[in-house]
Amino acid sequence: MANTFKNAYYDVTASLLPAYTAPSSAGNVAIVLTLRITNVDGANDATVDATVTDASSGESYVAYTMTVPADSSIELAGTSKLVLEAGDIIKLKANTASDLEAFISVLQIT
């Protein structure tokens, strides 16, 4: 099995869209080490929704209308980690476009 560290940057929009998809081959796993959301608006708070779409059992929220204060960051993976199976998808949505950025660090095990 190969271990590969990956990262992804994503501008969070006002629509719930994929920010990261785990490799789709059977047996692959991705461990999300960081799911950091940063509010780049210097004046206004924003909110974020984050879901994980599990290829076999549907979609569940990791965060729902969680407030990200102006000029600050929050960590959605927290002190725990998110384990994604093959084909699972992290989706993000902001209450307003252009205020939030996401940085995702992942260990892919293939």
Calculate, to the nearest 0.5 Å, the distance between atoms [atom1] and [atom2] belonging to [X] and [Y] respectively.
{"X": "R36", "Y": "S105", "atom1": "CZ", "atom2": "OG", "answer": "9.0 Å"}
{"X": "T53", "Y": "I90", "atom1": "OG1", "atom2": "CD1", "answer": "10.0 Å"}
{"X": "D99", "Y": "D41", "atom1": "CG", "atom2": "CG", "answer": "4.0 Å"}
{"X": "T96", "Y": "D45", "atom1": "OG1", "atom2": "CG", "answer": "12.5 Å"}
{"X": "L100", "Y": "Y10", "atom1": "CG", "atom2": "OH", "answer": "11.0 Å"}
{"X": "N3", "Y": "L107", "atom1": "CG", "atom2": "CG", "answer": "5.0 Å"}

Query raised in the report: Do the side chains of I109 and F5 join up, straight or via other hydrophobic residues, at under 4.5 Å, putting them in one cluster?
Result: yes

Under 3.5 Å, side-chain donor or acceptor atoms of residues 14-31 against the rest of the protein: list the pairs with distances, not counting sequence neighbours.
| from | atom 1 | to | atom 2 | distance (Å) |
| --- | --- | --- | --- | --- |
| Y20 | OH | Q108 | NE2 | 2.7 |
| N28 | ND2 | S25 | O | 3.4 |

Query raised in the report: Do K93 and T13 touch side chain to side chain, with heavy atoms closer than 4.5 Å?
Result: no

Requested in this report: Output yes when K91 and E59 qualify as a salt bridge under the 4.0 Å nitrogen-oxygen rule, no when they do not.
Outcome: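 Salt bridge present between K91 and E59.
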
Query - Qualifying residue for side-chain contact (heavy atoms from CB on, under 4.5 Å) with M66, from I37, D49, T47, V48 - result: V48

Report task. Assess whether atom NZ of K81 is packed by more than 12 heavy atoms of other residues, nucleotides or ligands within 6.0 Å. Result ->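 It does: K81 NZ has more than 12 such atoms within range.
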
Donor-acceptor contacts, no H, no angles, side chain residues 70-77, under 3.5 Å, sequence neighbours left out:
| from | atom 1 | to | atom 2 | distance (Å) |
| --- | --- | --- | --- | --- |
| S72 | OG | P69 | O | 2.7 |
| S73 | OG | T38 | OG1 | 2.7 |
| E75 | OE2 | L35 | N | 2.7 |
| E75 | OE2 | A77 | N | 3.1 |

Report summary line: Tightest non-hydrogen contact, residues N39 and V68, listed as ND2-O, 2.9 Å

Query raised in the report: Under 3.5 Å, is there a donor-acceptor pair between the Y9 and E101 side chains?
Result: yes

Report task. In sequence, state the C-alpha distance, the side-chain angles, and the governing distance for V52 and L84, and then conclude on side chain to side chain contact (heavy atoms under 4.5 Å, CB included). Result -> CA-CA 8 Å; V52 172; L84 304 179; 3.7 Å; yes

